[in-house]
Q: 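Handing you a structure now.
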2 protein chains.
Amino acid sequence: MAQPKKAASIWDVARLAGVSHQTVSRVVNGSPRVAAATRDKVLEAIAELGYRPNRLARSLAGGAVESVTVLTADTSLYGPEAALRGIEKAARSLDWSVQISVLDPADTHSDADIIARLPRAGEPTIIMAHDEPGMRAKQVLLDTQPQAMVAIGPYTAEELAASPWLVGMDDGKAAAEATRYLLELGHDTVHHLAIPTSTGTFGGGKAHRADGWARVLREAGREVPDPVPSGWTIAEAFKAVQPLVSDPAVTAILCGNDHLALATLRAAHLAGRKVPGDLSIVGFDNTPFSAYTTPALTTVNQDFESVGRGAFELLRHRVDASIPRPKPSWPEPELIIRETSGPPFARS
Amino acid sequence: MAQPKKAASIWDVARLAGVSHQTVSRVVNGSPRVAAATRDKVLEAIAELGYRPNRLARSLAGGAVESVTVLTADTSLYGPEAALRGIEKAARSLDWSVQISVLDPADTHSDADIIARLPRAGEPTIIMAHDEPGMRAKQVLLDTQPQAMVAIGPYTAEELAASPWLVGMDDGKAAAEATRYLLELGHDTVHHLAIPTSTGTFGGGKAHRADGWARVLREAGREVPDPVPSGWTIAEAFKAVQPLVSDPAVTAILCGNDHLALATLRAAHLAGRKVPGDLSIVGFDNTPFSAYTTPALTTVNQDFESVGRGAFELLRHRVDASIPRPKPSWPEPELIIRETSGPPFARS
DNA sequence: ATAACCAAAGTGATCGTTAACATCACTCGG
DNA sequence: CCGAGTGATGTTAACGATCACTTTGGTTAT
């Protein structure tokens, strides 16, 4: 086994180049106040020793902060995963590093647990606040270090514009659009298979999927059926949607995300109901697979990646006031009409 | 805006508790050499100031290493994503922190780029080496700091047992099992829609999906058709698989993963070929959605999460020799027969 | 009574880096 | 020809923790 010879430090480089360690630091950080000849000597020494700066020491010493921690509950959901990708890309282009810490929905983290996940007090943090653990974490961080946190979640344009630490998209509006579309197709009403966050005491906003759906139905003077609560997994959705699918009076279902829609599609198929002839199904998120189901899912596209990017930009501003606040923006949801939706009772 | 009052350090706690900073350190790290009364005083001070130890400073000072960096190329693939989850869970249970750094398949990272992603020299690293960028990164790390890296990828049991830094699963064996199954069903031969890593100069191992497939065909004395290369995305797969799907002589396709299988299923449907009547399709990975497609995908289950856990355990051993090396193990692939496979030319 | 020992706590160096300030050698204007 | 400015470097002090010693008292064995 090779001797793990210790990594070269800035001092080793300085010694080899015959300069002070500070000069090396200047070269590494691209300070203009270094003579070209000196710079070359240092660069040479760096190459020879294979020196690489130690980020830990750097941020300890009070150099500009250059890491973000992302708190998220479920990386297997498309939304958070895509947002994370957006954050990562944005961060990497500025050479920041990204930590992720997964909040387990199963165990109840104490506030201290959540705090303990941060590598240091004041660590810049982005929270995916689209479910219960995420909301908890958001609250804890808000109480602890509001100046170094940003939360991603479903919010209306007004909420986003008003809050200095929110980024998100208006799920309620997107759901409204989808619901309106189904109504225009001629359905008497639209049923809703809801993701966990859209139900119970959790909601109450105007930006949740279930809320947008209910609003449109009310505005149109239609019956608002009870939303059917589902878990996050496809298996749970499959089970939850059974009563809806086996009821011939149900002609349209808006699903909380594409996974739930897939489960619904499957359930409908097994129940012998034609889609979209007997039953229209609309999903949410435009998950990559959604264009390739049979029939292909009608769904609402959400640009999560750009939300992630936005969150990172906002965080930079929050952490360093000299960086201008990015204009609050949110991607417009876009209804993508494919094959699972149509007029009710169509003989397709 | 609240004054970002600086976070409390170990010295602040020491002052408040009327002890030395070292004593605080002892309390925080649970040293037995502290009088109960003193400990209480310190604990009280910690609570009052909301002190939390700074991880950066801690590992700078030479405390035990407590972070892993994961290098991966594509977090949207089910495999890497699940493995990452396994790593994260294992790491968190030991209070390690996890960094991720995404290797962009698009741009060609220089070796220095890859190295620069690590927060410090010698940073423990896990590499998802299942595609080209991952393989590159693996090589770079292997040259740079072999004692602090572990790679996850497709390897045979022998390879895994022989190498001190490999973790993985035998994709070749899994593919062989699936191919054998299709042959037993009565298909003359099996075609293969291959993920990028299974083709070209990349392969050559015995543990790749395409290799296991080809081996079984050869052993059975069957014709070995050219594998059809596909990209990672469903859209690419859909395009690539067209010729296969429109050729009535093709009765069975083994797909490199479930996304490709979904594309194949869709393409077959559009081409008017009945599945599994005219065409059998087998996927790979048992991605969550695969049980809910119509018809439900026959696929090969792979326990990525446990591979992730294994990688983390192995890494701990590599970084700290006093931790025993975990027994090399790899999850057994399991063929899950659902609805997309059957005998050829069945009148279903 | 005294050396030896031990637990409890303190002191100072150290990790790798940056910030702030100090120094030095020139150049330039008056 | 001198003081001011300036550009290139060096010096010292953090940052927040741990590690390896040292000091301080009080017990115990001789």
Side-chain angles (χ1 to χ4, degrees), chain A residues 4-42 45-46 49-67 95 97 116 118-123 320, chain B residues 4-43 45-46 49-67 95 97 116 118-123:
Chain A
K5 44 177 181 267
K6 287 210 1 174
S9 83
I10 204 169
W11 283 96
D12 302 321
V13 175
R15 197 173 316 119
L16 182 60
V19 298
S20 78
H21 70 279
Q22 180 60 282
T23 301
V24 177
S25 173
R26 289 196 183 95
V27 170
V28 169
N29 293 294
S31 155
R33 305 260 126 128
V34 183
T38 313
R39 184 193 316 279
D40 290 347
K41 260 193 316 194
V42 171
I46 287 179
L49 294 175
Y51 163 77
R52 14 178 186 152
N54 181 323
R55 260 197 193 133
L56 305 187
R58 188 174 275 181
S59 49
L60 221 209
V65 183
E66 49 180 14
S67 83
D95 228 44
S97 71
L118 305 184
R120 61 176 166 188
E123 166 80 1
D320 176 352
Chain B
K5 44 178 181 265
K6 286 209 10 172
S9 82
I10 202 169
W11 284 94
D12 302 320
V13 175
R15 198 174 315 119
L16 182 61
V19 300
S20 79
H21 65 117
Q22 180 60 283
T23 301
V24 176
S25 173
R26 288 196 183 96
V27 170
V28 169
N29 293 294
S31 155
R33 307 263 125 127
V34 184
T38 314
R39 185 193 314 278
D40 288 348
K41 260 194 315 194
V42 171
L43 254 20
I46 287 179
L49 294 174
Y51 164 77
R52 15 180 185 149
N54 181 322
R55 255 196 197 135
L56 305 186
R58 190 176 270 182
S59 50
L60 222 208
V65 183
E66 51 180 13
S67 83
D95 228 44
S97 71
L118 306 184
R120 62 175 166 190
E123 165 80 2

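Excluded from the calculations below are hydrogen atoms, water molecules and symmetry mates; all remaining heavy atoms, backbone and side chain alike, are included. To find a chain, count down the sequence lines: A is the first, B the second, and so on, and within it residues start at 1.
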Q: Is there side-chain contact between B:Ile46 and B:Val28, with heavy atoms separated by less than 4.5 Å?
A: yes
Q: Provide, to the nearest angstrom, the distance between the CZ atom belonging to A:Arg33 and the P atom belonging to D:dG10.
A: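 After rounding, the reported distance stands at 16 Å.
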Q: Nearest-Å distance, CD (B:Glu123) to P (C:dG16)?
A: 15 Å
Q: Any donor-acceptor pair, under 3.5 Å, between the side chain of A:Arg26 and the base of D:dG10, if you only look at N and O atoms?
A: yes
Q: Does any non-hydrogen side-chain atom of B:Leu118 lie less than 4.5 Å from one of A:Arg52?
A: yes
Q: When you measure from the side chain of B:Thr38, which nucleotide among C:dA9, D:dT9, D:dA17 comes out closest?
A: C:dA9
Q: Taking atom C1' of C:dT18 as reference, at what distance in whole Å does atom CD of A:Glu66 sit?
A: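 Nearest whole value for this atom pair: 12 Å.
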Q: Nearest-Å distance, CH2 (B:Trp11) to C1' (D:dA17)?
A: 10 Å
Q: Any heavy-atom pair between the side chains of B:Arg120 and B:Val65 that's under 4.5 Å?
A: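 Yes. Closest side-chain heavy atoms under 4.5 Å.
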Q: Counting only N and O atoms by type, is there a donor-acceptor contact under 3.5 Å from the side chain of A:Ser59 to the main-chain atoms of A:Arg55?
A: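 Yes, the answer is positive, given that a donor and an acceptor are paired below the 3.5 Å cut-off.
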Q: Any side-chain N or O of A:Asn29 less than 4.0 Å from the OP1 or OP2 oxygen of C:dT18?
A: yes
Q: Just compare D:dG7, C:dA8, C:dT17 and give me whichever is closest to any side-chain atom of A:Arg58.
A: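 Nucleotide nearest to A:Arg58's side chain: C:dT17.
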Q: Distance check needed: D:dG16 C1' versus A:Arg55 CZ, whole Å only.
A: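 Going from A:Arg55 (CZ) to D:dG16 (C1'), I get 20 Å.
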Q: Regarding B:Val19, tell me which of base, sugar-phosphate or nothing describes its non-hydrogen contacts under 4.0 Å with the strands shown.
A: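 Sugar-phosphate contact only - B:Val19 comes under 4.0 Å of backbone atoms but never of a base.
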Q: Within this structure, what is the CD-to-P distance between B:Gln22 and D:dA17, rounded to whole angstrom?
A: 12 Å
Q: So what does B:Val34 hit on the nucleic acid, given a heavy-atom distance under 4.0 Å: a base, only sugar-phosphate, or nothing?
A: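 B:Val34: backbone/sugar contact only, no base atoms under 4.0 Å.
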Q: What is the distance, to the nearest angstrom, from the CG atom on B:Asp40 to the P atom on C:dA9?
A: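 Roughly 11 Å, once rounded to whole Å.
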Q: Does a side-chain N or O of A:Thr23 approach OP1 or OP2 of D:dA8 to a distance below 4.0 Å, or not?
A: no
Q: What is the distance from CG of A:Leu56 to P of C:dC15, rounded to the nearest Å?
A: 15 Å
Q: Quantify the bending of the helix from C:dA1-D:dT30 to C:dG30-D:dC1 as the angle between its end axes, each fitted on five pairs, to 10°.
A: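 For the helix from C:dA1-D:dT30 to C:dG30-D:dC1, the axes at either end differ by 50°.
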Q: I want to confirm an ordering. Mapping B:Leu60 and B:Arg39 to their closest nucleotides on DNA chain C, which one lands closer to the 5' end?
A: B:Arg39
Q: Among D:dT18, C:dT17, D:dG10, which nucleotide sits nearest the side chain of A:Ala57?
A: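 Within the option list, the nearest is C:dT17.
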Q: With the side chain of A:Ser20 defined as its heavy atoms from C-beta on, choose the nearest nucleotide among D:dA17, D:dA8, D:dG10.
A: D:dG10
Q: For B:Gly18 and for A:Asn54, locate the closest nucleotide of DNA chain C by heavy-atom distance; then report the residue assigned to the nucleotide nearer the 5' terminus.
A: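 Checking each residue's closest nucleotide, the 5'-ward one belongs to B:Gly18.
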Q: How long is the span from the CG atom in A:Asn54 to the CD atom in B:Glu123, to the nearest 0.5 Å?
A: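 Going from CG on A:Asn54 over to CD on B:Glu123, the span is 9.5 Å.
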Q: Between A:Asp40 and A:Ala37 (side chain of the first, backbone of the second, donor and acceptor by atom type, cut-off under 3.5 Å), is there such a pair?
A: no
Q: Ignoring hydrogens and angles, are the base of C:dT11 and the side chain of B:His21 linked by a donor-acceptor pair under 3.5 Å?
A: no
Q: Whether the side chain of B:Arg52 and the base of D:dG16 hold a donor-acceptor pair under 3.5 Å is what I'd like checked.
A: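 Answer no: no donor N or O sits under 3.5 Å from an acceptor.
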Q: Side chains of B:Ser25 and B:Ile10: closer than 4.5 Å at any heavy-atom pair?
A: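 Yes, at least one pair of side-chain atoms sits under 4.5 Å.
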Q: What is the distance from atom OG of B:Ser31 to atom CD of B:Gln22, rounded to the nearest 0.5 Å?
A: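 Here the rounded value is 8.5 Å.
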Q: Please tell me if B:Ser25 has a side-chain N or O lying less than 4.0 Å from either OP1 or OP2 of D:dT18.
A: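 Checking D:dT18 against B:Ser25, a side-chain N or O does come within under 4.0 Å of OP1 or OP2.
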